[in-house]
Amino acid sequence: MTTMTNKKVLISGAGVAGLALAYWLDHHGFRATVVERAPQVRHGGYAVDFRGEALDVLDRMDLLEPVRALDTAMGDAAMVDAEGRQYATLPAAVFAGDLEVPKGELTRLLYTAAEDRAEYLFDDSVSAVEQDADGVDVTFENGPPRRFDLLVGADGLHSRTRALVFGPEERFVHSLGIHTAIFSLPNHLGLDHTGQLYVSPGKAANLFAGDAGGRARAALHFAAEELAHDRHDIGEQQRIVAERFAGEGWEIPRLLTEMRDAEDFWFDANAQVVMDTWARGRVALLGDAGYCAAPTSGRGTSQALIGAYVLAGELAQARGDHGAAFTAYENAMRPFVTEHQALGREGAERFSMPAPTQEMLDMLAANAPENTHPEMVRLPDYGSSQGEPEPAAG
Ligand SMILES: Cc1cc2nc3c(=O)[nH]c(=O)nc-3n(C[C@H](O)[C@H](O)[C@H](O)COP(=O)(O)OP(=O)(O)OC[C@H]3O[C@@H](n4cnc5c(N)ncnc54)[C@H](O)[C@@H]3O)c2cc1C
């Protein structure tokens with residue numbers, strides 16, 4: 001009798017990447033366990049847009065229609081001056097992609113689809129990893145140690161898995177020189193499927209809302225290379241943002257007041273993860289953990305979904321040879337990621353330009369990635385096997 005190998009996979013992180021991977025691993029007959037640091041899947045957050053092949057992945061998960069139903073259907077937005085007067089129109093094509101949905105809602109849908117397909121360990125995190133030729137011994141912060149066949153780090157930009165297995169964050173995470181704060185607030189301007197954007201030297205802010213009755217979400221961006229701050233100290237982060245935007249016009253004073261009451265405040269550097277390889281032995285990285293393209297690329301969610309689909313499919317196809325699967329995954333994803341990271345850097349460079357004219361905005365719309373960057377990944381069909389993956393050859 002042959003022994004099954006590489007069936008038990010631990011996924012660190014229940015974000016877009018981790019949940020999609022749990023879904024696809026189960027689809028191919030693997031047994032996934034997902035460990036998530038938060039007490040439940042994260043519901044809050046900004047809107048994410050996605051494009052091209054990512055919609056195809058959602059379709060193959062039977063999630064395209066439910067996701068389409070969440071489309072914020074943003075129309076064009078207004079560029080405004082310090083007094084709130086509109087001086088140009090920003091076409092929706094520049095910021096909304098093929099489909100734009102609140103990230104929390106997307107995560108909720110993915111969790112519904114993947115909930116019964118994996119074991120979940122919430123409120124916990126990997127704290128140590130040791131691998132040998134046959135498996136990976138994982139120590140958790142709270143739960144008892146366990147052994148898995150493979151470990152996938154899908155734990156985001158500040159991935160613990162990456163730090164434990166590949167090396168310290170400073171080696172791989174590169175700031176693009178912009179920091180961003182995002183939070184929701186009452187829609188006091190009555191914005192209806194639109195937004196307003198305000199630009200001043202080294203700073204930009206925007207306010208968007210899906211419908212006049214719902215909440216609005218604000219984003220405040222400012223240029224800063226490295227910022228020394230505690231990633232878990234929200235009070236300190238809010239003080240930094242308030243200092244940077246002190247004295248600014250438009251709705252900024254109101255946004256700064258609302259920011260302090262926001263329950264979903266988020267703050268981080270716009271950064272990219274650049275690595276020579278996304279796998280080491282029995283451990284691989286997925287999504288932002290391995291190849292974050294930065295929010296300025298507008299492609300991170302697409303990468304996470306496509307990466308999960310490809311990684312699970314390659315593991316199934318490699319029939320137990322995880323090394324071959326990781327190489328094939330990397331070969332399929334690398335050109336796509338390189339292109340997206342270039343888009344992320346281009347987006348960040350635009351940040352240092354003066355307030356755009358209508359001509360520049362129209363040009364941006366004409367050059368929107370949908371038009372200029374045709375599909376870069378051809379999604380292979382890995383089959384619909386619900387059966388067991390084949391045993392390893394040796
Ligand atoms: C402001 C902003 C705007 C964006 N806009 C867009 C957009 O318009 N379009 C787009 O495509 N993308 C956008 N993105 C990027 C997109 O959100 C990410 O690329 C995408 O969500 C990556 O998914 P992920 O699952 O790899 O990582 P994440 O979504 O970061 O998920 C990581 C998960 O791992 C968990 N975790 C972290 N550490 C641990 C640990 N030690 N143990 C266990 N669990 C852990 C986290 O709690 C989280 O649930 C934006 C990102 C930001 C920040």
Side-chain angles (χ1 to χ4, degrees), residues 10-22 33-52 54-55 72 74 94-104 106-107 110-111 120-129 138 140-143 151-164 169 176 178-183 206 208 217-221 231-232 264-273 285-308 311 337 340-341 343-344 347 369:
L10 177 66
I11 302 168
S12 174
V16 172
L19 292 170
L21 183 65
T33 298
V34 183
V35 57
E36 165 61 49
R37 194 178 50 188
Q40 56 183 22
V41 290
R42 292 170 181 259
H43 291 303
Y46 40 85
V48 291
D49 50 5
F50 27 151
R51 298 158 157 105
L55 301 182
T72 56
M74 281 292 160
V94 176
F95 60 89
D98 289 341
L99 189 60
E100 185 192 68
V101 300
K103 183 178 171 188
L106 174 68
T107 311
L110 287 169
Y111 183 54
Y120 288 84
L121 311 172
F122 285 105
D123 232 339
D124 210 345
S125 167
V126 166
S127 61
V129 176
V138 177
F140 294 96
E141 276 177 7
N142 299 323
L151 166 63
V152 178
D155 37 12
L157 177 63
H158 303 290
S159 168
R160 170 79 64 88
T161 310
R162 189 185 59 227
L164 289 171
E169 177 155 324
L176 294 183
I178 304 169
H179 281 67
T180 297
I182 294 190
F183 51 94
N206 59 59
F208 277 90
R217 52 172 206 282
L220 298 168
H221 315 273
R231 269 204 299 117
H232 303 289
D264 53 0
F265 177 84
W266 176 92
F267 179 75
D268 208 341
N270 284 244
Q272 297 191 326
V273 175
L285 298 174
L286 172 67
D288 278 7
Y291 36 86
C292 180
T296 43
S297 76
R299 296 295 179 118
T301 311
S302 300
Q303 285 191 167
L305 282 169
I306 295 166
L311 178 55
V337 166
H340 286 176
Q341 294 198 326
L343 285 176

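When a ligand or atom number is given, it counts from 1 through the structure's own listing order.
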Is it the case that ligand 1 has an N or O less than 3.5 angstrom from some N or O of [X]?
| X | value |
| --- | --- |
| Ala304 | no |
| Ala289 | no |
| Gly300 | yes |
| Ser125 | yes |
| Val16 | yes |

Shortest heavy-atom approach to atom 46 (C) of ligand 1 - which of His340, Gln40, Glu36: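 Shortest heavy-atom distance from atom 46 (C) of ligand 1: Glu36.
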
Report the member of His158, Arg217, Arg37 with the shortest heavy-atom distance to atom 43 (C) of ligand 1. Arg37

Check whether any side-chain heavy atom of Asn206 sits under 4.5 Å from a side-chain heavy atom of His221, and report yes or no. yes

Measuring only between side-chain heavy atoms, which start at C-beta, is Val35 closer than 4.5 Å to Leu10? yes

Heavy-atom contacts with [X] under 4.0 Å: which atoms of ligand 1 show up? List them by number with element.
| X | result |
| --- | --- |
| Gly287 | 26 (O) |
| Gly156 | 27 (O), 30 (O), 32 (C) |
| Arg42 | 46 (C), 47 (O), 49 (O) |
| Gly298 | 7 (C), 9 (N), 10 (C), 11 (O) |
| Ser12 | 42 (N), 43 (C) |
| Ala154 | 32 (C), 33 (C), 34 (O) |

Is the side chain of Gln341 donor-acceptor paired with the backbone N or O of Val273 at a distance under 3.5 Å, no angle test? yes

Is the backbone N or O of Asp155 less than 3.5 Å from a side-chain atom of Ser159, with the two atoms forming a donor-acceptor pair by type?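 Looks like no, no N/O pair under 3.5 Å.
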
With the threshold set at under 4.0 angstrom, would you say Ala38 reaches ligand 1 through any of its heavy atoms? no

Against ligand 1, does Thr180 come closer than 4.0 Å with any heavy atom? no

Mode of [X] contact toward ligand 1 - side chain, backbone, both, neither (heavy atoms, under 4.0 Å):
| X | result |
| --- | --- |
| Thr161 | neither |
| Arg160 | side chain |
| Glu100 | neither |

Could you walk me through whether Asp268 and His158 pass the side chain to side chain donor-acceptor pair (under 3.5 Å) test, one step at a time? CA-CA 10 Å; Asp268 208 341; His158 303 290; 2.8 Å; yes

Minimum-distance protein heavy atom relative to [atom]:
| atom | value |
| --- | --- |
| atom 28 (P) of ligand 1 | Lys103 NZ, 4.0 Å |
| atom 26 (O) of ligand 1 | Asp288 N, 2.9 Å |
| atom 17 (O) of ligand 1 | Tyr46 OH, 2.9 Å |

What heavy-atom pair brings Ala20 and Leu305 nearest, and what distance separates the two atoms?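 Looks like CB-CD2, 4.0 Å.
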
Quick one: pull up CZ in Arg217 and CD1 in Ile182 and give me the separation to the nearest 0.5 Å. 8.0 Å

How long is the gap from OG1 on Thr301 to CG on Asp288, to the nearest 0.5 Å?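 One gets 8.0 Å once the value is rounded to the nearest 0.5 Å.
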
Take Leu220 and Phe183 through the side chain to side chain contact (heavy atoms under 4.5 Å, CB included) test and state the conclusion after the steps. CA-CA 9 Å; Leu220 298 168; Phe183 51 94; 4.0 Å; yes

Given Val34, which of Val152, Ile11, Leu121 fulfils the side-chain contact (heavy atoms from CB on, under 4.5 Å) condition? Ile11

Salt bridge Arg42-Glu36, side-chain N to carboxylate O under 4.0 Å: yes

